[in-house]
**Student:** 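Just passing along the structure, written as structure tokens.
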Amino acid sequence: MTLIQVDSVVLQEGEDHYIGQPGEIVLGPQGSFVVIDFFSANAIRFDGAGRPIRTFGRRGQGPGEFYQIGIGGFVSDGVVGITDGQPPQMQIEFFDWDSGEHLGQARSDGLVSSLGATRRGRLWAGGINPDTWLALGSRRLRELLRDRVSLQAPRIPLERIAVPRPYVEDRTILGIGGHTRMHVSEESILFGFGLSPFLLQLDLDGEVVDTIPLRSARRRGVPPDDEFIEMMSVDDDDGALSTEEYFALQEELFAKASTLMRVSRDEAGNIHTIHQDGALSGMQVSGTLYLSSLSHDGTRQCADTLIPTSDVGRPITALRDNELLVLDQRIEAGPDNLRTVLRRFTIDFENCTGEVRRPG
């Protein structure tokens with residue numbers, strides 16, 4: 001496809017609304033969005049012009065606070081939800097979209113990394129439960145918010161969709177690609193694992209109705225299951241890898257496979273995905289991002305248009321209809337002047353050129 005850059009917005013940051021380490025964008029109504037900040041362990045709501053509106057949560061372990069804020073989030077019917085914690089203590093914190101008031105929390109199994117809600121009020125949680133090797137669950141949102149004074153938070157169990165075999169047989173794969181990506185609409189759900197060469201299309205009962213292969217062109221892609229498992233296998237006679245050996249495997253996996261970062265479906269039914277060819281150096285992750293599109297009837301795929309990003313920090317992306325949003329940080333007028341910029345692109349699926357250009 002062709003990416004057409006429409007505009008860019010410099011986020012208006014201040015002492016109360018400063019983004020130190022952006023980790024995720026959660027899209028809201030009327031062009032608004034929420035930036036999840038790993039550094040401050042909170043989430044900041046911006047309007048479409050980049051003006052801060054309010055902050056959700058803060059660092060801590062009490063109600064409405066984040067101990068280890070996650071990447072999963074949603075906005076629906078005046079409620080924003082954001083994941084927190086690590087397995088087996090994963091939680092979803094709920095806030096009022098307009099006031100910022102904390103509305104309660106829910107618990108879930110495993111590592112929850114994607115959330116989506118229908119207008120009919122059903123919340124879907126996607127992740128990986130390494131005990132059952134299941135990946136998807138749902139509850140009515142009103143049920144989760146009904147009893148705010150209960151000492152026991154309600155639960156969303158992951159009880160649908162089997163996790164792909166490479167995850168089950170090699171924990172290194174789980175460590176790198178142990179996230180899911182999901183797009184929930186009023187007709188269906190698109191669901192993908194971080195390291196898998198396909199998407200699943202589900203009905204609104206959570207049943208798989210189709211498997212959609214994802215072709216790679218410029219990016220690395222993901223090897224077939226048997227090859228993938230063999231590639232990551234090691235001799236481990238004593239049953240425990242050293243820290244150095246584990247990180248060496250992680251770096252090798254980053255260098256050999258693409259990871260799914262985003263999935264979405266536009267109003268015409270076309271499917272858009274973003275993949276990253278990553279690199280790992282110690283704990284520092286970097287990489288190159290590619291956008292691919294697949295026609296609604298599956299007959300045409302335009303793979304791997306390079307997404308332009310800055311060389312500062314880790315770029316974050318989002319997809320809304322036929323729009324690509326890229327949030328990254330840029331140095332302007334000296335190394336001490338770091339700006340967070342959101343750029344918007346239109347996805348022109350009819351012209352599969354792999355180019356990025358400005359309108360006109």
Side-chain angles (χ1 to χ4, degrees), residues 1 3 23-25 71 111 113-114 126-128 135 163-183 190-201 211-233 247-265 270-281 283-294 298 301-309 311 313-319 324-326 328 345 347 349 352 354 356:
M1 80 294 298
L3 284 176
E24 187 85 342
I25 304 175
I71 61 173
L111 178 60
S113 48
S114 57
I128 294 179
V163 174
R165 187 162 62 92
Y167 286 85
V168 180
E169 298 193 18
D170 194 305
R171 292 301 179 102
T172 307
I173 295 173
L174 177 63
I176 292 292
H179 63 270
T180 63
R181 292 299 184 178
M182 178 168 53
H183 174 79
L190 288 174
F191 190 90
F193 296 90
L195 288 171
S196 183
F198 59 83
L199 296 175
L200 298 174
Q201 181 171 313
T211 300
I212 304 167
L214 298 174
R215 180 171 60 87
S216 59
R218 301 172 65 185
R219 63 182 172 87
R220 298 169 190 150
V222 179
D225 284 0
D226 290 339
E227 180 183 338
F228 203 1
I229 294 168
E230 176 65 24
M231 182 180 76
M232 297 311 300
S233 64
F247 277 110
L249 280 176
Q250 298 257 311
E251 291 184 12
E252 181 181 358
L253 180 53
F254 259 105
K256 289 186 175 180
S258 303
T259 54
L260 177 67
M261 307 301 291
R262 284 286 183 273
V263 58
S264 184
R265 190 192 295 273
N270 302 317
I271 296 170
H272 307 291
T273 62
I274 296 173
H275 283 84
Q276 176 179 262
D277 280 359
L280 179 66
S281 178
M283 298 299 292
Q284 185 68 34
V285 178
S286 59
T288 304
L289 296 172
Y290 295 95
L291 174 71
S292 300
S293 297
L294 178 69
Q301 184 167 353
C302 185
D304 300 345
T305 294
L306 180 66
I307 298 174
T309 60
D311 295 326
R314 177 173 171 263
I316 309 299
T317 58
L319 294 165
L324 165 68
L325 296 90
V326 180
D328 55 16
F345 299 83
I347 302 170
F349 183 39
C352 188
V356 180

**Student:** Which heavy atom in Phe191 sits nearest to a heavy atom in Gly126, and how many Å separate them?
**Tutor:**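 Taking Phe191 first and Gly126 second, the nearest heavy atoms are CE1-CA, 3.9 Å.
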**Student:** Look up atom NE2 in His275 and atom OG1 in Thr317, then write down how far apart they are to the nearest 0.5 Å.
**Tutor:**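 It is 11.5 Å, given to the nearest 0.5 Å.
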**Student:** Distance check, rounded to the nearest 0.5 Å: Leu214 atom CG versus Thr273 atom OG1?
**Tutor:**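 Answer for the CG-OG1 pair, Leu214 versus Thr273, is 5.5 Å.
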**Student:** With distance as the sole test, does Arg262 use its side chain to make a donor-acceptor pair with the main-chain N or O of His272 at under 3.5 Å?
**Tutor:**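 Not at all, since once roles are kept as given, no pair shorter than 3.5 Å links the two residues.
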**Student:** Can you list everything that forms a salt bridge (Lys or Arg N to Asp or Glu O under 4.0 Å) with Arg219? Sequence neighbours excluded, please.
**Tutor:**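 Only Asp304 meet the salt bridge (Lys or Arg N to Asp or Glu O under 4.0 Å) criterion with Arg219.
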**Student:** Looking only at non-hydrogen atoms, find the nearest pair between Val163 and Ala135 and report the distance.
**Tutor:** CG2-CB, 4.1 Å
**Student:** Should Leu195 and Pro166 count as side-chain neighbours, where that means a heavy-atom distance under 4.5 Å?
**Tutor:**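 Not in contact.
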**Student:** Going by the rule ring-ring contact (aromatic ring centres under 6.0 Å, His included), which residues pair with Phe228 if we only count those two or more places apart in sequence or in a different chain?
**Tutor:** none
**Student:** For Ile212 and Leu190, which heavy atoms make the closest approach, and how far apart are they?
**Tutor:**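 Minimum heavy-atom separation between Ile212 and Leu190: CD1-CD2, 4.0 Å.
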**Student:** Between CZ of Arg220 and OG1 of Thr259, what distance do you get to the nearest 0.5 Å?
**Tutor:** 9.0 Å
**Student:** Quick check: closest heavy atoms across Thr305 and Leu3, and the distance to 0.1 Å?
**Tutor:**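 Shortest heavy-atom contact: CG2-CD1, 4.1 Å.
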**Student:** Between His179 and Ser114 (side chain of the first, backbone of the second, donor and acceptor by atom type, cut-off under 3.5 Å), is there such a pair?
**Tutor:**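 Checked: no pair found.
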**Student:** Evaluate the side-chain proximity of Tyr290 to Ile307: yes if any heavy-atom separation is below 4.5 Å, no if none is.
**Tutor:**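 Counting from C-beta outward, Ile307 and Tyr290 never come under 4.5 Å.
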**Student:** Find out whether Glu252 and Ile176 are in side-chain contact, i.e. whether some heavy atom of one side chain is under 4.5 Å from a heavy atom of the other.
**Tutor:** no
**Student:** In terms of the angle between their ring planes, are Tyr167 and Phe193 parallel, tilted or perpendicular, with boundaries placed at 30° and 60°?
**Tutor:**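 Tyr167 and Phe193: tilted rings.
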**Student:** Within the distance-only criterion (no hydrogens, no angle test), does the side chain of Ser258 pair as donor or acceptor with the backbone N or O of Asp277 below 3.5 angstrom?
**Tutor:** no
**Student:** Mind running side chain to side chain donor-acceptor pair (under 3.5 Å) on Arg314 and Gln276 for me, showing each step along the way?
**Tutor:** CA-CA 11 Å; Arg314 177 173 171 263; Gln276 176 179 262; 5.1 Å; no
**Student:** Can you tell me how far the CD1 atom of Ile347 sits from the CG atom of Asn270, to the nearest 0.5 Å?
**Tutor:** 9.5 Å
**Student:** Would the distance check show the side chain of Ser113 and the main-chain N or O of Thr180 forming a donor-acceptor pair, the cut-off being under 3.5 Å?
**Tutor:**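 Present.
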**Student:** Can you measure from CG (Leu199) to CG (Leu294) and round to the nearest 0.5 angstrom?
**Tutor:**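 Going from CG on Leu199 over to CG on Leu294, the span is 8.5 Å.
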**Student:** Please say which of Ile271, Ile274, Ile25, Leu325 ends up in a side-chain contact (heavy atoms from CB on, under 4.5 Å) with Leu319.
**Tutor:** Ile274
**Student:** So, taking the atom named CZ in Arg165 and the one named CG in Asp170, what distance separates them when rounded to the nearest 0.5 Å?
**Tutor:**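 Those atoms lie 11.5 Å apart.
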**Student:** Could you pull out all residues at least two apart from Ala303 that satisfy side chain to side chain contact (heavy atoms under 4.5 Å, CB included)?
**Tutor:**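 So Ala303 forms a side chain to side chain contact (heavy atoms under 4.5 Å, CB included) with Arg215, Ala217, Ser292.
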